[in-house]
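These notes are about the structure you will find just below.
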Amino acid sequence: MNDKIIAEIRKDYIYNLARRGERIDGRRADEYRDIKIKTDVIQKAEGSAEVMIGNTRVLVGVKMQPGEPFSDTPNMGIIITNVEQVPLASPSFEPGPPDENAIELARVVDRGIRESNAVDLESLCIKEGEEVWMIFIDVHVLDHDGNLTDASALGAIAALMTTKIPNERFGYGEDTPLKIQNIPIAVTTADFGTQIFVDPNLEEEHICSSKVTMIFGSSGEFAGIQKTGSGRLNVEKIYNIVEISSKKAEELREKLLGVIGNGDKKEKGI
Amino acid sequence: MNDKIIAEIRKDYIYNLARRGERIDGRRADEYRDIKIKTDVIQKAEGSAEVMIGNTRVLVGVKMQPGEPFSDTPNMGIIITNVEQVPLASPSFEPGPPDENAIELARVVDRGIRESNAVDLESLCIKEGEEVWMIFIDVHVLDHDGNLTDASALGAIAALMTTKIPNERFGYGEDTPLKIQNIPIAVTTADFGTQIFVDPNLEEEHICSSKVTMIFGSSGEFAGIQKTGSGRLNVEKIYNIVEISSKKAEELREKLLGVIGNGDKKEKGI
Amino acid sequence: MNDKIIAEIRKDYIYNLARRGERIDGRRADEYRDIKIKTDVIQKAEGSAEVMIGNTRVLVGVKMQPGEPFSDTPNMGIIITNVEQVPLASPSFEPGPPDENAIELARVVDRGIRESNAVDLESLCIKEGEEVWMIFIDVHVLDHDGNLTDASALGAIAALMTTKIPNERFGYGEDTPLKIQNIPIAVTTADFGTQIFVDPNLEEEHICSSKVTMIFGSSGEFAGIQKTGSGRLNVEKIYNIVEISSKKAEELREKLLGVIGNGDKKEKGI
Amino acid sequence: MLQKPERLIVDGKRLDGRAFDELRPVKIVVGPLHRADGSCYIEHGKNKVMAAVYGPREVHPKHLQEVTHAIVRYRYNMAPFSVEDRKRPGPDRRSIEISKVSREALESVILKEYFPRSTIDIFVEILQADAGTRVAALNAASVALADAGIPMKGLVSACSVGKVDDTLVLDLSKEEDNYGQADMPVAIVANTGEIAFLQMDGHMTQEEFRKALEMAIDGCKQIYKLQREALLAKYGGLENE
Amino acid sequence: MLQKPERLIVDGKRLDGRAFDELRPVKIVVGPLHRADGSCYIEHGKNKVMAAVYGPREVHPKHLQEVTHAIVRYRYNMAPFSVEDRKRPGPDRRSIEISKVSREALESVILKEYFPRSTIDIFVEILQADAGTRVAALNAASVALADAGIPMKGLVSACSVGKVDDTLVLDLSKEEDNYGQADMPVAIVANTGEIAFLQMDGHMTQEEFRKALEMAIDGCKQIYKLQREALLAKYGGLENE
Amino acid sequence: MLQKPERLIVDGKRLDGRAFDELRPVKIVVGPLHRADGSCYIEHGKNKVMAAVYGPREVHPKHLQEVTHAIVRYRYNMAPFSVEDRKRPGPDRRSIEISKVSREALESVILKEYFPRSTIDIFVEILQADAGTRVAALNAASVALADAGIPMKGLVSACSVGKVDDTLVLDLSKEEDNYGQADMPVAIVANTGEIAFLQMDGHMTQEEFRKALEMAIDGCKQIYKLQREALLAKYGGLENE
């Protein structure tokens with residue numbers, strides 16, 4: 001029996017389970033896998049965080065350095081977000097520059113940070129029109145078992161929340177914490193026809209007809225949406241997704257605040 | 001019957017026609033296809049023109065911005081010509097950086113503009129050694145049915161003739177028309193052994209043994225020559241090409257001046 | 001009989017010869033092929049040398065130009081070494097950016113120059129923190145018959161020894177010879193199990209289990225080592241290689257000094 | 001550089017005089033190109049967009065072939081002269097993301113299983129950009145696919161809705177896009193009303209999102225009418241509903 | 001920028017208090033990754049290194065296949081945030097050289113002929129770099145190969161020795177590396193003591209070289225013990241020497 | 001930076017003393033390389049050019065194969081140290097254009113149909129550049145093809161003619177090229193006199209063009225003699241016309 005046929009049978013099986021509201025790993029439709037967040041894991045970075053969602057694992061490092069502002073925003077800092085899907089993390093990742101998936105992922109993570117005004121960019125101006133702080137958010141995927149988006153977004157904001165501006169290294173006085181104004185949380189759901197599953201694992205991601213990532217700011221407002229995949233969704237289903245996602249976003253936010261607020265912060269090692 | 005054999009038969013047919021001075025589309029040997037020139041088609045560009053020669057269609061946009069001069073010409077503006085053979089225009093065009101054909105095409109168009117001194121480069125100096133105007137001539141091929149060279153060259157000079165230097169946008173006073181000192185016209189001919197055909201269409205281009213592009217300035221002087229293709233030409237044939245080409249160049253020049261001189265200029269849409 | 005089998009038989013043959021201390025081209029184990037060194041072969045370069053070891057031939061050109069120093073060495077000149085294994089030199093060289101072999105070769109050559117302090121980098125400071133001399137050492141491989149490393153290293157130091165700093169061209173007074181403080185000599189040996197052969201030719205390179213390049217400075221001290229290839233070497237063998245290599249390095253150094261010291265220096269043509 | 005206007009809504013009207021739910025003028029030309037198997041030129045406001053479709057045709061390189069269905073490729077590309085500051089040719093990260101999600105939107109309607117081992121290539125050139133290029137590109141691509149005779153479950157029709165001065169407005173102008181609070185491009189399959197494309201940049205409340213989605217769908221339906229008319233103008237004799 | 005310290009050896013001790021022949025603390029975790037066929041995480045001083053092995057698996061593109069043996073690929077890669085100044089993603093010349101010679105060191109023990117036409121892929125990510133990353137990477141890769149069940153003639157164990165203030169010291173710290181006189185990374189196959197990897201930067205006399213090589217081999221043997229312990233901790237029940 | 005001289009023709013003579021129709025000194029060495037199937041080294045004035053030919057040999061990748069004839073590849077490449085300011089390695093737009101038209105010139109004589117499915121690769125390295133490198137490269141390539149035994153309809157011989165101070169002169173020097181009014185490289189197939197290569201930069205009248213073409217052809221014929229002598233010096237015994 002060839003791979004295609006097996007895949008087809010497996011797909012039918014998962015859709016049938018879904019019809020009964022069940023998932024292959026036994027989770028409820030609106031249940032995330034186990035989430036672990038560790039911060040300050042990379043001492044060479046200005047901020048860092050490791051996030052595990054089930055077997056999915058990403059490491060996010062934030063580096064800062066002075067640079068020239070864009071000419072149309074002379075008094076604002078610059079955020080550059082990059083995702084490396086290094087081949088260590090999955091047999092399907094190839095060495096080389098980011099492909100369309102890695103680029104989409106980086107841009108969705110970036111969008112959440114940017115549109116929620118998580119970082120006060122004007123506070124990053126060193127000298128108007130000449131020098132501003134550049135923030136590099138680098139997401140390094142270590143283990144890919146689905147839902148890289150939520151893990152990366154969570155890692156990015158966690159890393160930013162623990163970032164110290166390296167003033168000293170560049171002769172600008174003492175290091176100071178980066179001010180965070182809003183905490184965007186991304187929640188990804190997958191469409192299985194009769195069911196919406198949150199936090200799809202790798203197999204679910206391959207089989208679902210489409211995914212939607214909704215990003216919510218601290219007061220529950222939207223800070224970005226991305227539909228991905230070739231499925232179609234009717235309006236009712238989208239409203240349904242909004243409801244589920246906004247609820248899960250609050251759970252994740254509490255989880256995150258719990259970690260950043262307590263002693264886990266100084267843990268080392270990844 | 002396979003493609004190679006059909007191609008071979010078709011080639012014989014066209015060469016046999018050529019022996020009688022006839023062409024597959026019924027044109028005379030020295031007859032251009034219908035030429036249409038529209039200028040000011042892209043409002044975001046400093047100058048623009050769309051040229052159709054038969055079904056061949058190119059769009060040329062001119063953008064200008066201040067930049068640093070080359071160190072060996074500190075008081076001269078800079079012209080950069082690029083051709084994009086986007087895959088929309090032909091099944092044989094691939095996405096990616098310009099290949100040798102696109103590069104040759106860009107360089108031949110550039111050569112005509114440059115060697116005829118069409119643009120007074122010294123008038124583009126803003127501050128000697130520090131800042132000069134850079135002119136980007138971008139040829140965007142939309143539909144490829146042969147003789148992209150003449151269409152691109154015509155589009156480039158037409159776009160330049162309607163270019164306004166965007167002084168205002170960069171704080172240098174009012175916009176002023178770009179001064180054009182010479183109007184180079186490229187004429188391409190194809191060698192069919194017993195016959196020279198002007199303005200080869202796509203099929204003729206593939207079958208001819210070689211093409212010659214001759215570029216003439218306003219007083220009929222040469223401003224560039226390029227032989228392309230693996231044919232050989234004897235001296236008499238080259239003299240013959242000179243005669244035909246210089247005559248056609250005058251026709252094209254009149255056509256161009258007719259368009260630029262009259263009300264078509266402000267037409268919109270492409 | 002297919003290529004693989006022929007190669008296997010040939011390999012056995014060469015290893016059997018080696019067991020008797022013999023080589024396919026009749027050389028002794030510790031014998032270099034004929035070495036020819038010519039300097040000042042490229043007048044456009046600040047320094048140049050052509051080196052032939054048997055049929056292996058490389059051309060090295062040194063160019064110098066002012067540039068910005070690295071921020072952590074504000075008063076030191078910069079050396080950049082590049083190797084082009086152009087496809088002219090071997091059927092196995094492909095057009096394109098340097099592959100891992102060319103990069104390794106460049107870095108080994110660079111290491112010898114750098115670690116031996118062959119060039120007094122501090123003497124190349126023009127204005128601290130702002131402008132220093134950059135030295136580009138470009139190795140152009142012309143004919144590849146094995147042991148490119150020793151030929152390239154020899155060519156690089158020979159070219160540097162004949163380099164004149166082009167002060168005049170950049171308005172810094174008269175041209176002056178580049179000061180050379182140490183003469184690194186690379187000696188490459190190949191492991192054939194029972195035997196160590198110096199200066200492996202192309203076939204020997206393919207068949208040996210590993211190669212070691214040892215670089216020695218003027219007082220016999222090490223200035224770099226690189227093991228390459230997937231063989232293993234026991235400690236005694238490494239000591240043996242040190243002994244052979246250091247002896248050959250002295251021979252090569254004398255040869256080099258003989259050439260640079262005498263009238264061959266102004267020879268032209270390559 | 002444009003100056004940021006003090007307000008984008010003045011006296012209940014937008015700066016260009018449009019009503020909140022009003023599209024910019026749209027012009028659609030079916031089949032302007034000769035080499036392509038299908039093509040469409042759209043002017044949407046000051047956007048000028050050309051789309052071409054090639055295929056179904058053979059896949060190169062072969063290892064990309066799928067034995068059960070056609071692959072679909074989509075390339076959104078901006079001409080260097082299409083924007084205020086010349087854009088360097090070649091795809092940037094933004095173009096790559098837009099191409100991916102646009103391709104997926106069209107894959108949701110193309111009957112790919114009709115053409116195993118082949119490719120359907122969709123190329124869209126933004127010749128002039130003025131806010132809303134990705135939806136204009138999708139609209140042109142959709143018509144070009146129809147012009148090429150590619151079987152589809154329905155036409156994809158796209159439109160964006162945005163938020164400016166705390167007001168939801170349809171089809172953002174360049175100014176509204178630059179200084180607005182949110183932009184949400186949407187595409188639907190007109191015959192079913194299902195959503196095939198959805199992105200949102202900026203911030204809006206959940207309540208606003210619901211209203212915005214409805215407005216966008218209405219906009220898409222207006223676009224669908226124009227696409228249909230343009231196709232009927234060319235292929236009118238054949239189908240007549 | 002660190003200031004160059006006046007001396008690197010003070011009162012017969014190194015700045016971080018280590019003896020001349022003392023390694024930095026090393027922590028080895030076997031199999032931390034789920035997708036990879038084998039993996040290993042190593043902290044060596046402040047270095048943090050993750051290695052993964054995939055294979056034996058099919059080779060793409062096919063023309064790279066070898067009919068008599070597996071090919072081995074090795075990728076040493078630094079994360080952008082692993083160093084003081086952010087590193088641009090992607091391989092630089094240094095990484096390419098390190099990857100080549102590291103691959104060759106591992107090829108010296110992998111029984112490649114067991115897996116014709118396939119590839120064994122070794123990926124190492126330097127998550128934090130602090131002198132000695134290439135040896136830490138080799139050590140992690142070697143354990144990851146074992147964890148993946150790739151048959152080998154022996155484990156490769158690596159360690160570097162350097163020269164600072166005219167003194168030979170084992171396992172250079174970042175400061176010793178920056179301001180030292182020589183650095184010599186070495187890898188051995190522990191069960192035979194043969195050398196699989198050898199590089200030297202800097203200058204030392206022939207006499208020093210001999211002593212340095214001995215010190216490095218001793219260091220490699222210490223590393224080997226730690227690798228073996230880590231593997232036994234995971235696979236302990238199976239083999240018991 | 002050279003200073004522009006006031007005049008390039010003084011007292012009816014060129015700055016380097018040559019007559020208007022006089023070539024620079026040319027030296028041709030046949031077969032200097034060992035690995036290549038054929039090779040040629042040419043010094044033409046201060047130009048130093050090395051050409052190598054490999055083939056006919058198998059084509060990689062296979063999809064480039066032509067079933068009825070050999071493909072021909074030509075790579076014109078400048079060494080980084082060949083020019084005043086170091087050139088970054090790798091092909092630039094100029095090299096790509098020169099390579100294309102040079103390849104076509106040689107394709108006009110190579111009997112490609114003798115070697116279906118194979119490739120004939122011509123590589124030319126400009127080791128020192130001093131005006132007229134593309135013609136020197138073509139001359140060297142042509143001899144290297146003969147040295148490799150590739151069957152040709154005739155040797156390609158190339159030479160340029162230029163216009164300086166309103167005077168037509170053969171074989172421009174670097175100074176004449178930098179400050180002249182036109183440069184026209186030409187290549188002929190010597191036995192038929194047909195033109196295989198023709199480019200022109202600069203401006204000249206139609207009358208001047210005719211004269212320039214004649215001068216160039218004369219120059220090509222002089223080059224042909226030197227090529228023929230060099231080949232006879234190596235292969236003299238075999239053919240004797």
Side-chain angles (χ1 to χ4, degrees), chain A residues 2 4 7-8 71-74 80-83 97-108 110-112 114-117 182 184 191 209-239 241-243 245-246, chain D residues 1-2 4 66-68 72-74 84-85 91-110 112 153-154 156 163 178 181-189 192-210 212-214 216-217:
Chain A
N2 75 17
K4 291 261 171 203
E8 209 52 48
S71 61
D72 52 349
T73 51
I80 292 164
T81 305
N82 188 54
V83 170
D99 66 4
E100 62 173 25
N101 297 305
I103 288 170
E104 183 187 25
L105 178 45
R107 287 178 59 86
V108 170
D110 189 85
R111 204 169 292 158
R114 194 177 299 276
E115 301 299 345
S116 69
N117 294 315
N182 197 345
D191 179 23
S209 61
S210 61
K211 292 186 299 174
V212 176
T213 298
M214 292 188 169
I215 309 176
F216 297 92
S218 294
S219 35
E221 82 283 10
F222 275 104
I225 300 177
Q226 180 89 335
K227 173 188 171 296
T228 191
S230 61
R232 285 157 285 141
L233 298 161
N234 63 31
V235 176
E236 290 66 40
K237 196 171 268 178
I238 286 177
Y239 291 162
I241 292 171
V242 172
E243 207 172 312
S245 303
S246 63
Chain D
M1 203 51 234
L2 291 166
K4 177 173 160 49
E66 292 288 345
V67 290
T68 57
V72 175
R73 294 188 286 206
Y74 186 99
E84 200 73 23
D85 293 321
D92 55 13
R93 292 166 68 94
R94 176 179 167 274
S95 302
I96 290 170
E97 186 202 354
I98 290 175
S99 295
K100 177 185 180 291
V101 288
S102 301
R103 182 193 71 228
E104 291 171 341
L106 294 171
E107 285 188 289
S108 81
V109 296
I110 293 173
K112 300 193 294 177
K153 291 174 192 152
V156 166
K163 179 174 158 192
N178 285 353
Q181 298 153 295
D183 181 21
M184 184 166 90
V186 173
I188 66 167
V189 186
T192 68
E194 288 171 310
I195 284 148
F197 185 101
L198 175 63
Q199 289 187 308
M200 204 272 284
D201 264 33
H203 33 273
M204 45 171 77
T205 65
Q206 294 184 28
E207 193 45 51
E208 284 169 336
F209 168 74
R210 276 162 214 264
L213 189 58
E214 278 167 33
I217 290 172

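Keep in mind that what you see is a predicted model, and the values were worked out from it rather than measured. Chain letters run A, B, ... following the sequence lines, proteins first, then strands; residues in each count from 1.
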Option in A:Thr213, A:Asn234, A:Thr228 with maximal non-hydrogen atom pairs under 4.5 Å from chain D: A:Thr228
Interchain contact, A:Ile215 with chain D, by part (heavy-atom threshold 4.5 Å): neither
When D:Thr192, D:Thr205, D:Leu213, D:Ile217 are compared by non-hydrogen pairs under 4.5 Å with chain A, the top option: D:Leu213
Heavy-atom pair count under 4.5 Å with chain A, highest-scoring of D:Val101, D:Asp201, D:Ile96: D:Asp201
A:Arg111 and A:Gln226 side chains, donor-acceptor separation under 3.5 Å: yes
Structural part of D:Arg94 lying under 4.5 Å from a heavy atom of chain A: both
Heavy-atom pairs under 4.5 Å with chain A, option from D:Glu207, D:Met184, D:Glu107, D:His203 with the top count: D:His203
Contact winner vs chain D - A:Ala223, A:Gly229, A:Ser219, heavy-atom pairs under 4.5 Å: A:Gly229
Engaged part of D:Ile188 at the chain A interface, taking heavy atoms whose separation is under 4.5 Å: neither
Heavy-atom proximity to chain A below 4.5 Å, by part of D:Leu198: both
Engaged part of D:Lys112 at the chain A interface, taking heavy atoms whose separation is under 4.5 Å: neither
Pair listing, salt bridge (Lys or Arg N to Asp or Glu O under 4.0 Å) test, anchored in residues 214-223 of chain A, at least two apart: none
N-O pairing of D:Glu214 and D:Arg210 below 4.0 Å: no
D:Glu194 with D:Lys153: basic N within carboxylate O range, under 4.0 Å: no
Side chains of D:Glu97 and D:Gln199, donor plus acceptor under 3.5 Å: yes
Any side-chain donor near an acceptor of the partner, A:Asp191 and A:Ser209, under 3.5 Å: yes
Expected output: side-chain A:Lys227 to main-chain D:Ala196 donor-acceptor under 3.5 Å: yes
Interface moiety of A:Asn182 toward chain D, non-hydrogen atoms closer than 4.5 Å: neither
Top of D:Arg103, D:Glu208, D:Arg93, D:Gln181 for chain A proximity - count of heavy-atom pairs under 4.5 angstrom: D:Arg93
Any residue meeting ring pair (Phe, Tyr, Trp, His ring centres under 6.0 Å) with A:Phe222, in chain and number order, not counting sequence neighbours: A:Phe216, D:Phe209
